[in-house]
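Notes follow once the structure below has been shown.
Atoms within each ligand, like the ligands themselves, are counted from 1 in listed order. Because the structure is a prediction, the values reported are computed rather than measured. Positions are given from 1 along the sequence.
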Amino acid sequence: MGKISKSAAKERIALLEKELERHNHNYYVDNAPTISDFEFDLLMNELQTLEKMFPQFASANSPTQHVGSDLASPSAPTASGFEFRQVAHRYPMLSLGNTYSREEMADFDSRIRKATDKPYTFSCELKFDGTAICLTYRDGKLLHALTRGDGAKGDDVSRNVVNIKSIPQVLSGSGWPHEFEIRGEIYMPFEAFERLNAQRAEAGEEPFANPRNAASGSLKLQDPSQMKSRGLDCVLYHMLGEDLPFNTHIEAIEAAASWGLPTSSFSRRAESIEEALAYIEKWDGERKNLPFATDGIVIKVNELALQRQLGMTAKSPRWATAYKFRPEQALTPLLSIDYQVGRTGAVTPVANLEPVHLSGTVVKRASLHNLDQMMLLDIHVGDFVYVEKGGEIIPKITGVEASKRPADAKIPKFPDFCPDCGTALVRDEDEARHYCPNSFGCPTQIKGRLIHFCSRKAMDILAGDATVDQLYEKGFVTSPPDFYSLTKEQLLTLEGWQDKSADNFLSSLEERKSVPFERVLYAIGIRHVGEQTARMLARHFGSMESLQAASKEDLLQLSDIGDAVADSIVSYFSGEAGRTIVSRLREAGLQMECSADEGRVSDRLEGATIVISGNFSISREAMKSLIEAHGGKNSGSVSGKTTYLLAGEKSGPEKMKKAEKLGIKVIDEDEFYKLIG
Ligand code: IVH
């Protein structure tokens with residue numbers, strides 16, 4: 001790294017910290033990364049270097065000091081009312097140090113050599129690109145399965161893992177320790193990934209960007225039975241426990257395989273770092289023929305005594321490292337940058353490139369995401385830029401070849417005004433994106449919102465982009481309620497429309513008036529209110545009227561709702577335009593409140609009235625939602641009508657006594673989960 005002034009370093013460290021935390025969230029929580037692993041690692045590397053050079057600016061909770069967390073919201077129920085129980089890891093669940101350079105692999109070996117004069121060997125393994133899992137077996141039975149979470153505690157996804165065929169519930173063979181943990185990766189083979197995405201496309205759902213996101217999204221499905229058809233697989237590569245009867249890692253994994261646990265058949269022992277490098281060489285080429293995604297090679301010290309001696313840093317063990325494969329890249333000139341306005345007004349910079357071949361396709365355009373990203377890359381128009389596909393669908397610019405910068409290359413100027421309607425752009429604090437605030441006057445936003453309103457997950461109206469375009473250009477529809485005043489005569493003036501298409505369209509409008517309230521709420525397109533948030537708001541408030549009446553403070557009570565979302569909801573309903581849309585949609589006959597069985601997951605508790613008492617591993621609110629989601633009714637007091645008293649920790653003695661007296665069945669949390677399957 002070149003020279004950098006103190007003040008520039010301080011600023012850069014702050015920017016990198018913020019960006020890395022944001023990308024961690026995109027990757028682990030939303031399962032929707034916006035940069036490739038390689039770009040992420042470059043940023044992390046830069047931050048590590050700067051923190052070493054300027055330790056006075058390194059903060060204790062910098063992303064260099066902790067692993068990314070997949071925990072969604074620690075205490076709040078998720079959209080369907082169900083939350084995963086969080087369980088502390090017995091041993092911290094760490095990440096791995098990584099490198100893209102073979103020289104650094106040799107440095108890894110030198111560090112180990114310095115620590116011991118005894119001979120040692122390596123285990124060379126594929127780095128499976130999935131989502132980490134930690135299984136605990138006690139007396140040969142699967143006790144629970146946890147995600148990595150924040151490394152200290154993970155989500156208990158046992159209910160879902162049961163549906164992965166390769167993970168045994170009960171071990172076979174003999175000789176397993178009384179209790180041990182085995183960690184590995186849940187992954188989705190390419191074939192299953194393509195099948196799933198094809199199904200999602202069919203159903204009008206957003207496809208997963210890559211198999212890793214699909215695997216981790218599936219693992220957190222609220223309805224475990226959906227897991228069965230997802231074709232997930234598992235490979236286990238790290239055993240932990242007290243006094244395990246093994247001298248080497250490879251022995252432990254071989255024993256695991258003999259107990260019926262899924263392990264990798266591609267792992268090899270290496271006598272030296274040279275042999276390990278040869279393994280890397282081999283798989284750099286051959287991995288393209290594997291039926292699942294890999295993003296590198298893991299090299300581990302094989303001898304467990306030496307592993308213990310080497311120990312670990314806050315984030316990763318010193319006895320293992322990952323060599324990561326570089327994604328395919330192309331170098332091409334950046335011709336210009338367009339600034340595109342989306343339906344929510346977000347302005348995205350898009351690079352126009354000199355067309356270039358990359359992994360079998362010609363790339364002409366690539367996303368630059370936002371101004372921060374442009375600044376991070378220090379991009380100039382005219383620069384030669386590196387483009388990468390890295391598993392994701394939209395190509396990205398991952399770097400700039402500064403040595404090739406032409407003398408006349410220009411720093412791009414992010415527009416101050418909306419390229420479509422000329423309104424001054426705004427950028428809220430803490431938000432990476434610029435927005436056009438003219439929501440109800442900016443043509444691109446209006447059309448974008450109309451298209452969104454008709455989309456499958458929203459009102460599911462038979463209208464594609466071209467129809468919406470025509471309706472808008474003719475001035476027939478400028479706001480969603482206008483759809484409901486369209487006449488057949490108007491439709492027949494559209495190019496290519498005939499009697500039948502007009503009738504079909506009108507009947508689809510009529511039929512879809514019955515879509516549930518949560519979808520209507522999603523359809524009106526409040527900024528930051530996606531499908532999940534709309535569902536959660538609908539279930540919490542029950543009707544548009546109560547949501548409309550909610551204050552920012554009320555909204556912030558829901559822990560899935562942050563400042564930006566709360567502000568956006570309040571501002572939508574306090575504006576004339578938003579209120580008019582809602583009242584006209586109500587007049588048109590759309591659903592403005594939840595029906596009784598909305599959010600049903602199953603009927604297993606149909607007809608049951610349940611009284612809960614005490615504390616559970618999930619919040620009481622989440623427990624109540626779970627009861628309703630399975631068709632049960634909640635009641636506050638025990639009476640002759642009560643079906644079950646669900647007793648948690650410290651449950652009230654009065655309720656217990658009354659239940660006993662009335663002969664009402666008392667169940668605990670585990671029995672309850674069995675009841676709902
Ligand atoms: S060993 C203490 N072995 O890669 C760390 N990890 O980027 C033990 N991974 O967190 C991990 N394949 O989720 C190990 N053969 C393998 C792996 C592997 C994939 C994942 C794992 C880890 C991440 C680090």
Going by the atom numbers of ligand 1, which of them fall below 4.0 Å from some non-hydrogen atom of [X]?
X      : answer
Val298 : 3 (N), 15 (N), 16 (C), 17 (C)
Glu125 : 3 (N), 15 (N), 16 (C)
Pro317 : 2 (C)
Glu185 : 9 (N), 13 (O), 19 (C), 20 (C), 21 (C)
Leu94  : 10 (O)

[X], any N or O under 3.5 Å of ligand 1 N or O:
X      : value
Ala132 : no
Leu126 : yes
Trp319 : no
Ser95  : no

What protein heavy atom lies closest to [atom]? Include the residue and the distance to one decimal.
atom                    : answer
atom 12 (N) of ligand 1 : Phe128 N, 3.0 Å
atom 10 (O) of ligand 1 : Arg148 NH1, 3.4 Å
atom 8 (C) of ligand 1  : His238 ND1, 3.8 Å
atom 23 (C) of ligand 1 : Lys127 NZ, 3.7 Å
atom 5 (C) of ligand 1  : Leu96 CD2, 3.8 Å

### Query
For the residue pair Phe180 and Trp259, does the interplanar ring angle fall in the parallel (under 30°), tilted (30 to 60°) or perpendicular (over 60°) class?
tilted
### Query
In terms of ring plane angle, is the pair Phe122 and Tyr120 parallel, tilted or perpendicular, where the classes change at 30° and 60°?
perpendicular
Hey, does the side chain of [X] reach the backbone of [Y] with a donor-acceptor pair shorter than 3.5 angstrom?
X      : Y      : answer
Glu401 : Phe384 : no
Lys315 : Gly97  : no
Arg287 : Thr294 : yes
Glu179 : Thr136 : no

### Query
Per the side-chain contact (heavy atoms from CB on, under 4.5 Å) rule, which among Ser95, Cys134, Pro92 passes with Arg148?
Ser95
### Query
When you look at Arg183 and Tyr91, which way does the side-chain contact (heavy atoms from CB on, under 4.5 Å) test go after all the steps?
CA-CA 11 Å; Arg183 294 177 177 177; Tyr91 312 96; 3.8 Å; yes
### Task
Supply the atom-to-atom distance Thr131 OG1 to Tyr28 OH, rounded to the nearest 0.5 angstrom.
8.5 Å
Please determine whether any non-hydrogen atom of [X] lies less than 4.0 Å from an atom of ligand 1.
X      : result
Ala322 : no
Lys300 : yes
Met312 : no

### Summary
Closest to atom 17 (C) of ligand 1 by heavy-atom distance, out of Phe266, Tyr237, Tyr91, is Tyr237
### Output field: ring centroids Phe128/Phe292 closer than 6.0 Å
yes
### Message
What I want to check is whether the side chains of Asp233 and Ser166 have a donor and an acceptor closer together than 3.5 Å.
### Response
yes
